[in-house]
Amino acid sequence: MSFQDRTILLGVSGGIAAFKAVEIASALRQQGASVHVVMTRHATLFVTPLTFESITHHPVAVEFSRAWETELIPLAQHADLFLIAPTTANVMAKLAAGIADDVLTALALATRAPLLLAPAMHTNMWTHAATQANVATLAQRGATFVGPEHGWLASGDIGLGRLASLEAILRAAAATLTRQADWQGVRVLITAGATREAIDPVRFISNRSSGKMGYALAEAARARGATVTLISGPTHLPPPPHVNVTYVQTAEEMLSAVLAHFDESDVFISAAAIADFKPSRPLVQKLKKTARKSLTLELEPTPDVLRTVAARRTHQLLVGFAAESENLLAHAQEKLRQKNLDLIVANDVTLPDAGFEVDTNIVTLLTRDGKVETLPKMSKREVAERILDVAKGLRAG
Ligand code: CTP
């Protein structure tokens, strides 16, 4: 692990774990980083700025001053990483809301460097719904979390809330740095969301996909430097910035939009939940219930987008999803083989906090070379990053 020539902004917020930030600053500097510390006023009650200045050989920012424009904004612009350790519940809430009432939170808005948060607080504060909602917001926006860990807390209780270990924080910092711009120059085509197949002018057949997983992939790939085209079914999500988005309704429209971009893509990720059947004869006028005792809809198959493009692939890497309610791995393995994929993301849609509509996911990644990796529950953005890590490895290999 080396941080040679990296510029790291280290935010220290006001909790008892603030003293551990001294060790973090020291380790980063010893491994070659240029470390610039910014503290909240409360943090200075636990550790003095002089301690950090002595270790980092750089001034520590606590209050707004003329240095904001002349030194801190330029620093925010060229920093490679913004690590906040410890991150208190209060600072996390401010980050989630975009509040910038001190130098630390203002820098978090001013920088485009990836944000790595190492929370530390009492278990009750960490598990509080308000804190968890802020964690979800920040993770969805691309922040990475390391910890908290389980153990002794300052209150004397034992529980979740301890600052992650120095080793874990350094590992997470190194991983965040290598993800930066590692997809530069790669053209990624992603499908997301559900399709809609018309029954009549007002009704359709669809499914519970929200599009969140595909949008998280688009945002993550874009943040890592890829050129991203997103083919999206109808969703409530805002279009990801700097991504070329095409909206479609039906499986057939999804197929033609994908075919229009496939040849110029290097990686295709099929995250959309595409209807497998559509009404054979959609009605031009609204279906009336008058005098009907029952209703039978006749359905016919739609095209399989992934299978169709797999037959046309030249150099593209293909990533599919498998949404399953039983025999997860066997079914996913079968889809990997049948659809001729390089990687499949298997999703048990019956688990709580996984699959459709929610912000988290629990997946297993299966690759064409037989590797199987089950990931713990994490935000869809973090799942997206892991999928990109594995896909990058497959492209290189
Ligand atoms: N897929 C596709 N076109 C379809 C249906 C699915 O491209 N008409 C893609 C999905 O985007 C996903 C993969 O195929 O990447 C598997 O989708 P899934 O719904 O899990 O499986 P199906 O192939 O539809 O099979 P089944 O519904 O029988 O499980």
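Position 1 is the first residue of the sequence, and the numbers go up from there. Atoms considered below: every heavy atom in the structure, side chains included; atoms not considered: hydrogens, waters and symmetry mates. The model shown is predicted, which means the values in this text are computed figures rather than measured ones. All ligand and atom numbering here is 1-based and tracks the order in the structure.
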- Query: Which residue holds the protein heavy atom closest to atom 3 (N) of ligand 1, what is that atom called, and what is the gap in Å?
  - Reply: Val305 N, 3.0 Å
- For atom 8 (N) of ligand 1, state whether the nearest protein heavy atom is under 4.0 Å away. yes
- Interatomic distance, Arg395 atom CZ to Gln316 atom CD [nearest 0.5 angstrom]: 10.5 Å
- Query: Out of Ile274, Leu341, Asn207, who gets a non-hydrogen atom closest to atom 4 (C) of ligand 1?
  - Reply: Ile274
- Query: Any non-hydrogen atom of Ala251 lying under 4.0 Å from ligand 1?
  - Reply: no
- May I ask whether Ala275 places a heavy atom under 4.0 Å from ligand 1? yes
- Shortest heavy-atom approach to atom 18 (P) of ligand 1 - which of Gln338, His331, Lys335: Lys335
- Task: Identify whether the distance between the nearest side-chain nitrogen and carboxylate oxygen of Asp304 and Lys335 falls below 4.0 Å.
- Result: no
- Between atom NZ of Lys286 and atom CG of Asp200, what is the distance when rounded to the nearest 0.5 Å? 7.5 Å
- Item | Atoms of ligand 1, numbered as shown, that sit under 4.0 Å from any heavy atom of Gly320 | 15 (O)
- Message: Lys278 and salt bridge (Lys or Arg N to Asp or Glu O under 4.0 Å): which single residue from Glu298, Glu197, Glu252 fits?
- Response: Glu252
- Task: For atom 23 (O) of ligand 1, grab the closest protein heavy atom and report residue, atom and distance to one decimal in Å.
- Result: Lys339 NZ, 2.6 Å
- Under 4.0 Å between a Lys/Arg side-chain N and an Asp/Glu carboxylate O for Glu23 and Lys20? no
- Query: Below 4.0 angstrom, N of the basic side chain to O of the carboxylate: do Glu382 and Arg179 qualify?
  - Reply: yes
- Logged contact type for Ala273 with ligand 1, heavy-atom cut-off 4.0 Å, is neither
- So does Lys94 pair up with Asp101, basic N to acidic O under 4.0 Å? yes
- Query: Considering only heavy atoms, which of Phe268, Phe277, Phe321 lies nearest to atom 17 (O) of ligand 1?
  - Reply: Phe321
- Proximal atoms of ligand 1 relative to Ala322 (non-hydrogen, under 4.0 Å): 20 (O)
- Task: Look at Arg141 together with Glu219 and state whether they make a salt bridge at an N to O cut-off of under 4.0 Å.
- Result: no
- Task: With heavy atoms under 4.0 Å as the rule, classify the contact between Ser270 and ligand 1 as side chain, backbone, both or neither.
- Result: both
- Query: So which of Asp276, Asn347, Thr308 gets nearest to atom 24 (O) of ligand 1, if we judge by its closest heavy atom?
  - Reply: Asp276
- Item | Test: Asp359 and Arg381 ion pair at under 4.0 Å | no
